[in-house]
Amino acid sequence: MRSRDVLRVLAEMSQSQWGMVTTAQASARGVSQMNLTRLTESGVLIRLSHGVYRNAGAPGGQHEELRAAWLATEPAKLAYERLSEWPASAVVSGESAARLHGIGDLRAMKSEFTTPTRKQTQRADVQYRSRALPEQDITVREGLPTTTRERTIADLVEDRNDFSIVGNALRDAARQSRLDVDRLTELLSPLAQRNGHRRGDGDALLEELMRVAGIDQVSIAKQIALIPSLGGLIAAQYLENLPKIETTSGVAAATTSSGAHTRLTKQLHAVDWVSIALSTQPARKKVGP
């Protein structure tokens with residue numbers, strides 16, 4: 001194949017794959033390994049990993065290694081073909097998913113994927129877990145199939161990450177947008193017993209994570225109280241709305257919530273409000289020389 005034709009074929013493949021192409025994709029379209037080697041030596045291509053190259057003129061980006069590793073999991077197929085397949089052959093998960101979602105403070109030293117069947121690799125920088133993920137646990141982030149924030153948080157717990165790390169991820173996720181608390185509780189339930197709670201008690205495990213994250217009711221109340229323009233106003237509103245009737249013996253003075261699950265849902269949803277309130281406050285002036 002002539003050099004001009006090789007470049008055209010590579011451009012067509014790489015334009016929808018972040019400027020990347022695999023050896024298998026190129027070979028299926030008549031581009032030999034020798035062609036790729038020569039283009040790499042001339043600086044037209046950059047070799048990212050075994051069997052994956054990037055057009056030197058295409059931007060790398062912060063998720064370049066993860067994208068290259070994902071392409072390598074099914075190197076013969078183009079990215080758009082894989083994104084339309086079900087079940088997904090490899091879904092970004094664990095710390096890699098947390099990084100894509102922008103939750104927590106995880107370095108993601110390895111590219112982590114969940115696959116529907118057992119998959120092995122000799123690469124030290126890639127890790128697989130085998131699980132048939134339901135469609136509701138998969139989303140797309142940065143062009144890659146990725147576990148949802150709820151599944152990602154549960155995976156972090158399952159991987160036995162320190163709860164302070166998971167709590168940070170939970171807090172960040174709750175501040176981004178509303179979490180599906182029902183699904184998160186369901187995913188945490190099988191992990192409750194090994195983390196010191198009753199078997200299947202996902203609510204208790206979630207409540208513990210929320211305490212660690214500082215999004216329990218007491219922590220939220222303290223955050224609000226520290227806002228001068230809001231603390232007093234809320235206290236006044238509370239006093240104004242106190243019941244003006246006396247209770248009789250044997251009758252409950254107030255109704256309780258419908259359960260722990262409802263309480264946790266409200267607390268998680270309150271995080272958005274608290275974050276907005278905090279972000280609207282003027283920055284404190286620096287004191288000192």
Next item on the list: Please test L206 against L170 for side chain to side chain contact (heavy atoms under 4.5 Å, CB included), starting from the C-alpha separation and ending with a verdict.
Entry: CA-CA 10 Å; L206 177 56; L170 176 62; 4.1 Å; yes
Next item on the list: Only counting residues at least two apart or in another chain, list the ones meeting side chain to side chain contact (heavy atoms under 4.5 Å, CB included) with E158.
Entry: R129, R131, D155, L191, R194
Next item on the list: For E95, enumerate each residue passing the salt bridge (Lys or Arg N to Asp or Glu O under 4.0 Å) test, keeping only those at least two apart in sequence or located in another chain.
Entry: none
Next item on the list: Quick one: list whatever passes salt bridge (Lys or Arg N to Asp or Glu O under 4.0 Å) with R2, sequence neighbours left out.
Entry: D5
Note to self: Set out, in order, the CA-CA distance, both residues' side-chain angles and the distance that settles side chain to side chain contact (heavy atoms under 4.5 Å, CB included) for L78 and Q17, then state yes or no.
What the structure shows: CA-CA 8 Å; L78 295 172; Q17 298 186 147; 3.4 Å; yes
Note to self: Ignoring hydrogens, what is the shortest heavy-atom contact between D201 and A192? Give both atom names and the distance.
What the structure shows: O-CB, 3.4 Å
Next item on the list: Work out which heavy atom in L187 is nearest to a heavy atom in A154; give both atom names and the distance.
Entry: CB-CB, 3.7 Å
Note to self: Looking at R29, I want to see if its CZ is surrounded by more than 12 non-hydrogen atoms of other residues, nucleotides or ligands under 6.0 Å.
What the structure shows: yes
Next item on the list: Tell me who clusters with M109, hydrophobic residues only, linked when side chains sit under 4.5 Å apart either directly or through other members.
Entry: none
Next item on the list: Identify the two heavy atoms, one from T117 and one from T115, that lie closest to each other, and give their separation to 0.1 Å.
Entry: O-OG1, 2.6 Å
Donor-acceptor pairs are to be reported for all side-chain atoms of residues 42-50 against protein atoms at under 3.5 Å, with residues two or more places apart or in another chain.
residue: S42; atom: OG; partner: R38; partner atom: O; Å: 3.2
residue: S42; atom: OG; partner: L39; partner atom: O; Å: 3.0

Check: Looking at R149 and D172, does any basic side-chain N land under 4.0 Å from a carboxylate oxygen?
Finding: no
Notebook entry, point to check: Is there a path of hydrophobic side-chain contacts, each under 4.5 Å between heavy atoms of I, L, V, M, F, W or Y residues, that connects V181 with L156?
Noted result: yes
Note to self: A quick test of your reading: do over 12 heavy atoms of other residues, nucleotides or ligands sit less than 6.0 Å from CD of E208?
What the structure shows: yes
Item checked: Pairs touching residues 96-109 that satisfy side chain to side chain donor-acceptor pair (under 3.5 Å), sequence neighbours left out -> none
Item checked: CA sep, side-chain torsions, deciding dist, call: T73, T121, side chain to side chain contact (heavy atoms under 4.5 Å, CB included) -> CA-CA 9 Å; T73 62; T121 180; over 6 Å; no
Next item on the list: Could you check whether the rings of W70 and W18 sit parallel, tilted or perpendicular, using 30° and 60° as the cut-offs?
Entry: perpendicular
Notebook entry, point to check: If you look at every heavy atom in A79 and L71, which pair is closest and at what distance?
Noted result: CB-CD2, 4.3 Å
Checklist line | Heavy-atom pair with the smallest gap, counting every atom of E112 and G94 | finding: OE1-CA, 3.6 Å
Item checked: Worked verdict on L205 versus F163 for side chain to side chain contact (heavy atoms under 4.5 Å, CB included) -> CA-CA 10 Å; L205 179 53; F163 270 22; 3.7 Å; yes
Next item on the list: With rounding to the nearest 0.5 Å, note down the distance linking OG in S130 to CD in Q120.
Entry: 10.5 Å
Notebook entry, point to check: Which pair of non-hydrogen atoms, one from I138 and one from A88, has the smallest distance, and what is that distance?
Noted result: CD1-CB, 4.4 Å
Notebook entry, point to check: If we ignore angles and hydrogens, is there a donor and acceptor under 3.5 Å between the side chains of S89 and R82?
Noted result: yes
Checklist line | Side-chain H-bond candidate by donor/acceptor type, H261 with D182, under 3.5 Å | finding: yes
